[in-house]
Structure formats: C-alpha cells, structure tokens
Amino acid sequence: MSTDTACPAQARLDPITLALVQNRLDYISCQMGWVMVRTARSPIFNQSHDFSCFVTDRLGTLVSQADGIPIHTGGGGFAVRAILERFAEAGISEGDVFLLNDPYVAGGNHLPDWVIARPVFSGGRLIAFTCNRAHQSDIGGGVAGTYNPLATEIFHEGVRLPPLRLVEAGDIREDLWELLLINTRTPDLLDGDLRAMLGSTRIGEQQVRELAESLRPEAVEPFFEGLLNHADKSLRAAVAALPDGVYRGEERFDNDCFEPMDIPIRLAVAVSGERLRVDFTGTAPQMRGFKNSSLANTYSAVYAALLSFFDPDIPRNEGTFRCVEIVAPKGTIVNALPPAPVTMCTVFPAHEIMHACWWALGQAAPARACAGWGKNSFPNSSGLHKNGLTWVLYHWIGLSGAGAVAGRDGFNQIGPIVTLGGLSLPNSETYEQLYPVKVRQQEFRCDGGGAGEFRGGTGVDSIIELETDVEFSFRSEGASRPTGLGVNGGLDGQQASLGVEERSGEAWTPPVYGVRRAGPARLAISSPGGGGFGDPLARDPGRVLRDVLDGTVSPTAAHDLYGVVLRSSGDELDGEATARRRAALAERTGSVAKG
Amino acid sequence: MTASSLPDQDRGVGRAWRIGVDVGGTFTDLVLMESDGALSVTKVPSVPGDPGAGVMAAVTAAAQARSLSSEELLAACDIFVHGSTIATNTVLERKGARVGLLTTKGFRDSLEIRRGLRADPWRHREPYPDVLVPRRLRWPVDGRIDRDGAEETALSEADVAAAVALFREAGVEAVAVAFFNSFLNTRHERRARELLQRDWDMPWVSLSGEISPTIGEYERSSTAVVNAYIAPRTVGYLTRLTDQLAAGGLSRQVLMMQNNAGTATLAQLAERPATLLLSGPAAAVGALEFFAEAAGSRDLISMEIGGTSCDIAMMGGGKVELTDALSIGGYDLALPSVDVHTIGAGGGTIAGVDAGGLLFAGPAGAGADPGPACYGKGGRLPTATDAQVILGRLSPGAFAGGSIEIDAARARHAMEEHVGAPLGLEIGDAAAGVVRLLEQKLLQGMQRMSSERGHDPRRFTLVACGGAGPLHGASVGRRLGVARVFVPKLAGAFCALGLLNSDLRQDYVRVHFTELDRADSATLDGIWAELTAEAAATLSDCGLIDGATAFERTADLRYRGQQWDVTVPLGLEFDAAEVRLRFEREHERLFGHIQPDGAIEITKLRLSGIGRVERLRGRQSARVQSRPAPATRRERSVWLDEIHGWREVPVHDEGELLSGHSLAGPVIVEAATTTVLVGATDRLEVLASGDYLIHVD
C-alpha cells in the first residue's frame, strides 16, 4: 500500500463528518446546476445542459463536481490555479469574482467555455472557490455560434479572456462587462447567462460557507483533504487490480479540416502497481485546423476515459487522479501551442483520446473493454426564417451509434461519446416547429452495428428536407472509414455516408470538411455504427434471431458473421445447422464457438 | 390485523360514510370516515398475487371492528375511493400485454431511440430497460399530418390492414397508435382505430393524440405504448374488483385515484389506465389539503417515509403543482401528474462502508424481505431501522401487531460488523452516523424541491408521516429552518386518508401555438368552451356528484425562443394583458428574471373539469384546554442528536396524551403505526384534532 500522498493527520478525521461533508458538497455543486438551469437564458443551458458546476479548495484542487458533463471532468483545477497564479492568494478579496476562458494563459479548455470562479471566505480566510464552466452561445470570432471550421489561429475563434476580476468587492466592473457584450453577436443572451452563472456560484458560495461554519473554518481543509484521499484510494485500488505492463493505444484523423492527411494520436498506458501513466509521445504535431487540444481538455478526455472504464462508483474529484500521470508533449495536437486553433477539441480529438485510452486499457482488462463509438458526422446548417431572422440547426438527428461493452449492445443512437450520452436528442416534431424543415426518417440501419457477442449500435438512416436556401458546414469525421471499432474480436461498425439532393434536381456528396451553399434540399445522413464486443460466434443465437426479425441484422450477416442459420420460414432458428455453421467458421478463424 | 381509532369515536351505524383503500406492497390500509367525521384505520396484509383479495379483507376487518357485516358497511358507504399499485406493478414486473405499435413511416424507432435520455451517463454500461414493443411489432404506416395539423399524405388503409394481419399472427393483445404530429390532428389515429376495430375487433387501442396530446413523438409514443401495455391487466383487475364490491353491497361507483390527484370512475379510466401509475403517492395531495386546517397553514411540505423510500410533496398556498413528465421503471410518459419527488431513504435503507473507506447510507434497501437485521428474517446488513433501535428510539419487542419481533442484538451485531468495526467507531456513534447521513439526504431532497419550485421552505410547515417519518421530522425540520412540524395522528395511513379528501378530476389539453399579443380571444374562448363541454359531459356521466362542478382554465406560455413552458392559471375571460402579468409573476418566481416587453407565445390551452367532493372536516375534541401532560411513566436512554447526545428520555404511549397537552422535549410518543421523536429544545403540542404539532427551535 503506497502512502506517498496519505497524510497521517487523516487518521483523526471523524468518518461520519467526512461522509456528511462529501454528501453536502455534491449537493451544493448539483444545486448550483439547478440554479443555472432555472435562470440561464440560452437553450444551450436549460435544454442541453452544456455546463458544469464545481467546488475547489483554496489551492484550486477540485473537490466536488457532481453535476458535470464528462468532458469537463478534469478542467476545473486548471482554471482556478490560473487565477491564483495571476492574482495570488493575497490579491483575492471577499466579494471578488473571476472570469476566464483562454486555453493558453488561463487554464481554459476552449474559448466558448467561460469559467466563473467565486472565492469563498469564512472567518476572514479563503477556504474554497465555487465555479461554473459554461458554453456560451456566441463569443465573436469568424462565424456565429462559436465553431469556425475555417479557423487556423485562435484569433479566428472569438474573444480571449485571461483571468479577469469581473466583480470587485461586490461590484461588477461595468467597463469590463461592456467589453464582453460588444464582443458577442448575442449580447442579450450573454448578459443573462453571465448573470445566471454569477447567481449559481453565489448560492454555492453561501452554502460552502455555511458548511465551513458548521465545522469551524480551520477544520474544513482536513476534510477536503480527506475527500481527495478517499477518491485517491478508490482509483488506486482499481489500478492495482490491473496487471503491470505497458499498453498502447492509437487513433487517427484522416484530415486536418482542410485536406486529407494522416494524423495519429499515440499513447502508452504504463501500469505499475497502483500508479498509471499516460504518455502521448509519438502523437502528431499540432495541425492547421481547429481539432487541436488544450492541455486542460486532454486531461479531461483522459479522465473521462478512465472513469468510464472503471466502476462508476469511484468518486470524481481531483484526488481521484493523484495516481495518474499524463505526459503530453508540447506542440502536439494534445498540447497545442499558441496560436493554434482549438475550439473543436471538446469533440475532436477528445473522441480520439478517449478511444485510444480505451484501446490501451482494454488490453489490461479485456472484460471491461469498451468498443468504439461511431464518430459524429452530421453538419450544421443555417438559413433565414421568413421574418428575416437567422436560424442555425445542428443535425443531431444524425447522431451515431455507440460501441458495445460486455453485457450490453451498443446504443443504436445516442449523444456524443464525450458526454457518454449525457446530452439528449430533440424530438423531430420540435425541430419542425422551430425550423423550416420536414423530418422524413430517423430509423435504425440494417447491419450498421459491428457484429459481436454484444453488437455495436446500429446508427440511423435519417432524411430531412430543408425548405429554404441553406448554408451547410460539414465535419464528417466518420464518413471515410469505420470509426466505431470493435474490441475482443468484435467487428467495426459501418461508416457514415451523406448525400444532398437539391430541389433543383442537383445531387452531390458533401465534402468531409467545408462550407457549401444550396437551395432547398433533402439531406440524407446514414450515421456511423458502433463497434462490437467479443466474438460474433459467441452471441446468443436467440438475440441474433431477434435482430434479424427486427431488421437490424440481415439474414446474410446472420449467416456469414454470426454463423446463425434460420429455417426456411425465416423466423425460426435451425439449431443444428447453426452449430455446424459456427463450428466451421470457428475452425476457419481459430475462434472458439459457443452457443 | 389491527384497528385503531380516535379515542372518542362514535360506533353507531351512520350514513354517508366514506371509505378509502390504499394497497401498498406490505399492507392494505383502509380509512373509514363516519358521518360525524370520526376517522379510523384498518390495516391488513396485502395479497401480492391478488390485490383485490386484500381490499375485500380490509373491508371485512373494518366491518368486524364495528360488529357489522361487510354488506352493512358497504351499503352505508357513500364514497369509495381506491388507490392501487396495479398499473405500476404491471410495468415494474413486466406483466403487461403483448403490444403492437402503428407509427408513421420513417419513425419506427422513436420509441427505442428514447431521445438518448440517460439518467446517469457515467453508468454507461447499464442497458436500457427492454423496449416494450420489439421492432418487428412496430409497424410503419404511410400517411402524414404536417406541422400545421393539415393532412399532407392520406393514411394508407392498406398499411393498417397489413399491420392487422401481422399483429394477429403474432398474438398481439393491445395496440398503440402514435403518428407523427398527431398532437395537432388525431384524424389518422382515429381512423386507424376504426379500422382495427372493424377488421379485428381489437378492444385495447391506445391513441397517442388522445392520451397525451403534447408535442414530442418520443414521449407521446411511449405514453401510448405504456397505456396499451398495462390496459388489459389493469382494467381487468378494476372491473373484477368493482363487480365484487357491487355484489358485496356497494351501491356507489368505485372511484380511483389518478396521477393528477383527482379521482375518476372505471368508465373514465378504461381508455387511459396510465393515469393510475402514480395512484398511491398522488393521494398525498388530498391528505395535505385535509391537514392544512389542523396544521394552520396552506404551505406544507410532506415527508412520507416508508420501508424503502421517502416521497416528498410540496403544497404552496394550498396548491400542489402538476408536471407533464412521469417516469416509471425507466419508461417515460407525458401525463399531468403530481410533482412527487422520491428519494431512496427509508427504514430499510442499507448502510455500510465503501471500498475507499467512506460511510454510505443507501440508495440500496433491504425491502420487506429480508428487511432490517433486527427483524430476524435473514437480513444481515445494517439499516436505518437498526440504527434507530441501537439509538433507543425504537423499542425492542413486538411490532406491527406482533407480526414482527425487533431484536436489538441482531441490529447491534450488523452495525458493529459493517459500520462500527471498519470505521473504528463505537456502535452508538456508528448508528448515529447512519441516521445523520440519512437525515442529510432527506433534508437535501426537500431543499431541492423547494429550490426547483421557487419556494422558501422556512415559511412551510413540515408534515412528517409514513411509519418512519415522525422519527425524523423534528430533526430534519430544524435543519430545514421551519418553525413547526406537523405529525398526523394517522401518520401511518397518510395516503389512504388522502383518498377520502379528493375531488373527481379530468384534465384536458389542446396544443395551440400563437403569439399572446396576436391571440384572438374568441378563438381561444371557443377552444376552452369545447373542452369545457367535454369535461362537463364526462362529469355528469359519473353521476356521483350533486351539482358542484368547476372548470379551471390554464395556459402554457413561454418567451419566444424558450424551450419550456410555464403553466399559468387564467380567469374565465381571456385578457392578454392580464395573462402577461400572471406569466411574468410566475416566471420571476421560478426563474428569477423576466424579459420586459419580451414576445410571449402560447403553446397549450388546458382545462380541468372538477367534480367537488365535500371536504373532510377534521373532528375537534370538545375538551381542549391547555394542561400539563400526565407524569412520565417510562424513561429510556436515547441518542438525541450530535449536540445533546444520549439522554434519559420520557416515553409516552399515545393513549396517555389528550388534546391540549403540551410537553417539553425531549420526549418520545409511541403510537400504533409510528414513533414520534421530539428533540431536546422542541415542544410537543397535542392539537384539538388529536394530531401532534412539534414547535422546533
């Protein structure tokens, strides 16, 4: 048992109070989220929940983030530590509130995510920060809506904020506030959303202060430390259960947003006792386009991959990762240097980083391996309403299928991997009321999911008609090859395909990246499927039959990939023929047939 | 079985009695109100395989307690209200019908995609609960209603015929129809039903646009499917029970408690049994309305704690809010339902220490079987009830009419092994820790509901009920900041009592998109008039109520661009300026801001048809005067809280206390169905109604 971080004083902590403090802090960070949902102005918060609330100790160590989306898991500490570095503890006073977003100088993950951090004082001492990281609707930059696919420098992506004192001794700095508002296309939304962020951190501050006062302020720190230690112990125990060794994982881009090229992300996970090191040496240099990652985002993606791999009951604070070391060489796409653009990083390469971690960890603990999720390949489009207002539509109807794990097939369609499905899809009826569109189809693909003992998610065939002139912005990461890769003998899910047919009769295939204009048009997206887990010949034949009857697996695939033979009626298993077919296939592939 | 009643109950056979029967997992509770207002409770064991047998047994037992035959009892009954878990259990135990679903071509999978909703994304290894209709029985049909409600493509009757052939072949027992945009126009759905009934004589057809005429193909499909899934079993049960009761002498129609806290007759429910999914917890509303008088407040928050969970409901200014979202066992429905928040904290909640060495309490529970370790029924893990026994708050010995024998040694053993030893704590400290952690969860559950509903809980009176609620009420209330905690004398039969105090109610909704400032009041009033006529016809059909009907109008509104609505009560004449004012007031309360002059959109018009049932009148003791309680007969050592620790605490039997008695804490009151704990700085008052009021410091 390693004791390199354990503090002997911990032994004297009252275990009951420790449990109460943990439970209370999680409640406080959740409550900050409820306040945010209730008071924010943009749908991105009250509908899509693209924000995270968290509490750090006075040194910026994250102690609770009960309400965060997975890709925000590791960023919190970076932001608060940047504030402490800039202002120093002595320069932080009661009533101050700080704001930042910059990934290069302020511990941000990407520019749209703004962090509000509010110091908590009790008895005249700084004891904590209550914080809210939230994706703003618009922050200037090259295009409306924060994602500029043509960016080649961070200056094309919006306004950069170093650590700023937004509120000084209780008063908002109005000149600074005005500076922020003139740098957005949607000042009303930004104004309302920033106030909601301030309000949510104020509620958090009051409650953390009350908690501290119930304990005596000087007693808080040992309890925070106790919580970090508890999380530390929990992940260490999980890591210690892995066999020592070095496990490699690799993922890649096939384009830099402008032209085809091979861009690998390579990592080695070294497990040694209860420590784990993730080393990205060998990863490609930073690219021209905006799929570079900030350091905070790379840490978050690694953390999300680790936590989703292990038991979900492992607590999630910064202590969890004391046994984890991350090496991200400067100037690579996982630790880009200015002025590289990075806005896409919370999606790509976060997806690639999570996959590469999963591939490596899956070798260490095959039973927990996670198959790949299809990379999202849907565009956004924009146009004008009859009243002249601009609409912007993210085609979430074309979301991908997820990979399988032992015990469950992949979700056939689900929110992005970086949220682990935490962001939900809108109803198509709602789309039709909000946008000039008609949704014609959103149905599972046949044979879209990678075959396996547990099948990958199918992805969907979707068709939407756009009734006005539109401008498409494409980013089809999953369209040129399979991206939902299988594990442990499971097969890959199908790649995406897209097609546009204009009302004029012109039909064309969209580029992988790029902006195209069109008249009223019909957009078809077949979204990519997820990867399978385990040998398809080990799949319960009854489940294969059900998939065939459901039309999500073809009789041909059942026969060729799963070795399942149906009677001529097509709706019954032929048990004997299946056993023979599976034995023959197993001999050919060297796998062991079951069932 | 046990029968308990108010001390000064009149036993004569009266008329116009009311009976409420609430069937729970362990007990079936019957509350009887006699014509003079006297209330009594009968508790019998539930019969899981045949819940109707439990109902009849409760009726027989209540009659016997009065030396009546059950025929005499039922004949004297004017209102018979039933709360049942049959619909919920049919879903949770997967005992529903084989369902076929008709969808619009292109949307065959909306039901199974489920909008990708995940309760906890970190638990990504957990599969969804099985889809209730497999894909091969989800049949796409050509035909389309457009976004304005007009027919774009005619319904393909050939496709419906093909579905009929498939469903017959597959042994389908109930059909759901959920067409795209049917919330705007149900013509295609209604035509499909005609065809299903003409060509097949299918009795169980659920139309999404009728059951839940709200936007959102996923939630609407899911609602129709759950409804179809539970219909044959639920309606079958209710029909048999109704027949049995009628044969047994009941001359009135049986009323059922619905999700919306109103009651309805079997005839009204046959088409939409999904409105029974929250039948038990929804009765909390009637109970809170009843207790408002005795508690002296219309701002009540209730904490009903049973064996496995705690249900929290909030009544602000006499109103309990409804939501349109309901989730049962992972299946989503869009139906107006009482906003009840359930947390996994009850008497059976299991405590322990996790792999990292931290204490936990819940969410897992020991249930009724094996139950807490102290029950000696095979439970080995320490629960909240075990902690209460160790802390001296619950006394060892016979319990629940002798059906359970509490063994303190078993409680101590379990607590020592699973909490005390791993944490290095004395057993009493371990048990105190478990109770404190549990109470923190209860507190936070109430803080959350207050926060989401825009209420300051400190002005509220906490109502502590359910078997385990009164043990925690004073302690949690103190932390919540309330001044008063109300403990009903019939704490253990909270919901059954609520059944007796509920109106008949039917809710209607019509989707109608228009800007408030451009709304044509004649059009809106016309829609409301249609809905009112429909509601009036339904209420008059049930023939139970003499006169007393009421019709309440509400509308759902939002600022342009917002994705969710605020429901605002309206007067009987539509007045846009008045509506704007009411909307802004509610928006300010819920969200903390308004948009001055912001464009407001109307999205839905709602109407509630209410058949008023005469309110229960609390019975006041005639002999109330302030007087000291009788001298303490018993004392025992009890752990009170982290400040006062262990103290010798006087223990009273409920029979010793009379209206007007006032006792300084600490004190314990032992009642038939519950135990009340009054803290060291609190004061207990016995009200004229016989209920308890704890003044907390």
Side-chain angles (χ1 to χ4, degrees), chain A residues 15-16 18-20 22-24 27 31 34-35 38-39 43 46-47 69-70 192 195 199 230-231 233-234 237 307-308 312-313 315 399 405 407-409 411-415 419-430 432-433 438-444 460 463 546 549-552, chain B residues 105-110 112-113 115-118 120-128 134-136 140 146-147 180-181 183 215-219 353-361 423-425 429-430 432-433 436-437 440-441 444 447-448 451-452 454 513 561-564 590-593:
Chain A
I16 304 300
L18 186 63
L20 293 169
Q22 157 106 57
N23 190 25
R24 189 65 195 171
Y27 174 81
Q31 199 196 8
W34 303 325
V35 171
R38 275 208 9 224
T39 55
N46 53 36
Q47 191 80 1
I69 59 175
R195 288 179 198 281
H230 168 251
K233 263 198 240 170
S234 305
L307 288 171
S308 55
D313 288 331
L399 276 166
V405 294
R408 80 148 165 74
D409 290 343
F411 307 117
N412 288 337
Q413 187 178 33
I414 192 102
T419 69
L420 292 171
L423 297 188
S424 52
L425 286 77
N427 278 303
S428 292
E429 288 175 350
T430 305
E432 291 202 352
Q433 295 297 330
K438 279 187 177 155
V439 178
R440 293 296 181 189
Q441 188 187 20
Q442 182 184 12
E443 291 182 326
F444 301 154
V460 297
I463 295 173
R546 175 169 171 163
L549 294 176
D550 277 354
T552 48
Chain B
K105 199 162 270 181
F107 297 93
R108 187 179 190 180
D109 297 319
S110 304
E112 195 171 349
I113 294 171
R115 295 183 52 215
L117 296 164
R118 300 289 297 168
D120 178 359
W122 291 107
R123 299 191 175 272
H124 69 102
R125 292 177 192 270
E126 288 175 12
Y128 280 112
R135 192 171 200 259
R136 65 183 175 280
D146 73 14
R147 65 165 159 264
F180 198 71
N181 282 334
F183 67 100
I215 190 168
E217 69 273 11
Y218 163 62
E219 288 83 356
V353 177
D354 72 13
L358 199 66
L359 173 70
F360 66 83
L423 293 179
L425 290 178
D429 293 343
R436 288 173 67 192
L437 195 53
Q440 189 178 41
K441 291 188 176 184
Q444 288 173 174
Q447 287 177 329
R448 173 175 188 177
S451 158
E452 289 181 337
F513 297 115
Q562 283 183 334
Q563 309 259 320
W564 61 20
L590 286 170
F591 305 116
H593 62 86

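Since the model is a prediction, treat every value here as computed from it, not as a measurement. Only heavy atoms go into these numbers, but all of them, side chains included; no hydrogens, no water, no symmetry mates.
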Asks: To check you understand the geometry: which heavy-atom pair defines the closest contact between B:Arg115 and A:Ser424, and what is its length?
Replies: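 So the two residues come closest at O-CB, 3.3 Å.
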
Asks: With a 4.5 angstrom heavy-atom cut-off, is it the side chain or the backbone of A:Asn23 that approaches chain B, or both, or neither?
Replies: both

Asks: Sort out for me which of B:Gly116, B:Ala355, B:Gly356 touches chain A most, counting heavy-atom pairs under 4.5 Å.
Replies: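 Ranked by contacts with chain A, first place is B:Gly356.
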
Asks: Show, in sequence, the C-alpha distance, side-chain angles and deciding distance for B:Arg135 and A:Glu443, and conclude whether the side chain to side chain contact (heavy atoms under 4.5 Å, CB included) test is met.
Replies: CA-CA 11 Å; B:Arg135 192 171 200 259; A:Glu443 291 182 326; 4.1 Å; yes

Asks: Ignoring hydrogens, what is the shortest heavy-atom contact between B:Pro127 and A:Arg408? Give both atom names and the distance.
Replies: CB-CB, 3.9 Å

Asks: Is it the backbone or the side chain of B:Glu126 that comes under 4.5 Å from a heavy atom of chain A, or both, or neither?
Replies: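 Contact with chain A is through the backbone of B:Glu126 alone.
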
Asks: So, taking the atom named CD in A:Gln441 and the one named NZ in B:Lys105, what distance separates them when rounded to the nearest 0.5 Å?
Replies: 10.5 Å

Asks: Provide the closest heavy-atom pair for B:Phe107 versus A:Val439 in the form atom of the first, atom of the second, distance.
Replies: CZ-O, 3.4 Å

Asks: Where is the tightest heavy-atom contact between B:Gln440 and A:Leu20, given as atom of each residue plus distance?
Replies: NE2-O, 3.0 Å

Asks: Pick whichever of B:Arg136, B:Arg436, B:Arg108 has the most heavy-atom pairs under 4.5 Å with chain A.
Replies: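 Going by pairs under 4.5 Å, I would pick B:Arg136.
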
Asks: Would you compute the distance between atom CZ of B:Phe183 and atom CD of A:Gln433 and round it to the nearest 0.5 angstrom?
Replies: 5.0 Å

Asks: Got a second to check how far A:Ile16's CD1 is from B:Leu359's CG, nearest 0.5 Å?
Replies: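 Output value for this atom pair is 5.0 Å.
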
Asks: If you compare all heavy atoms of A:Phe444 against all heavy atoms of B:Ile113, which two are closest, and at what distance to 0.1 Å?
Replies: CE2-CG1, 3.5 Å

Asks: Which one, A:Pro70, A:Pro315, A:Gly421, A:Gly407, leads in non-hydrogen pairs under 4.5 Å with chain B?
Replies: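 Among A:Pro70, A:Pro315, A:Gly421, A:Gly407, the one with the most close pairs to chain B is A:Pro70.
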
Asks: Any chance you could measure B:Glu112, atom CD, to A:Asp550, atom CG, to the nearest 0.5 Å?
Replies: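 Answer for the CD-CG pair, B:Glu112 versus A:Asp550, is 7.0 Å.
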
Asks: Would you say the side chain of A:Pro15 lies within less than 4.5 Å of the side chain of B:Leu425, judging by non-hydrogen atoms?
Replies: yes

Asks: Is it the side chain or the backbone of A:Arg24 that comes within 4.5 Å of chain B heavy atoms, both, or neither?
Replies: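 The answer is both parts of A:Arg24.
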
Asks: Minimum heavy-atom separation for A:Asn427 and B:Tyr218, please, with both atom names.
Replies: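 That would be OD1-N, 3.0 Å.
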
Asks: Could you check which of B:Gly433, B:Gly216, B:Pro140, B:Pro134 has the highest count of heavy-atom pairs closer than 4.5 Å to chain A?
Replies: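 Among B:Gly433, B:Gly216, B:Pro140, B:Pro134, the one with the most close pairs to chain A is B:Gly216.
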
Asks: I'd like to know if the side chain of B:Glu217 reaches the main chain of A:Ser428, judged simply by a donor and an acceptor atom lying under 3.5 Å from each other, with no hydrogens or angles considered.
Replies: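 Yes, the answer is positive, given that a donor and an acceptor are paired below the 3.5 Å cut-off.
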
Asks: Is it the backbone or the side chain of B:Asp429 that comes under 4.5 Å from a heavy atom of chain A, or both, or neither?
Replies: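 Contact with chain A is through the backbone of B:Asp429 alone.
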
Asks: Whether the side chain of B:Tyr128 engages the backbone of A:Phe411 through a donor-acceptor N/O pair (distance < 3.5 Å, no angle test) should be reported.
Replies: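 No: the side chain of B:Tyr128 does not pair with the backbone of A:Phe411.
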
Asks: Working to the nearest 0.5 angstrom, can you tell me the gap between B:His124 NE2 and A:Thr419 OG1?
Replies: 12.0 Å

Asks: Report which part of B:Phe360 has an atom under 4.5 Å of a heavy atom belonging to chain A: side chain, backbone, both, or neither.
Replies: neither

Asks: Hey, what do you get for CG (B:Asp109) to CD (A:Gln442), rounding to the nearest 0.5 Å?
Replies: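 Nearest 0.5 Å value for the CG-CD distance: 8.5 Å.
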
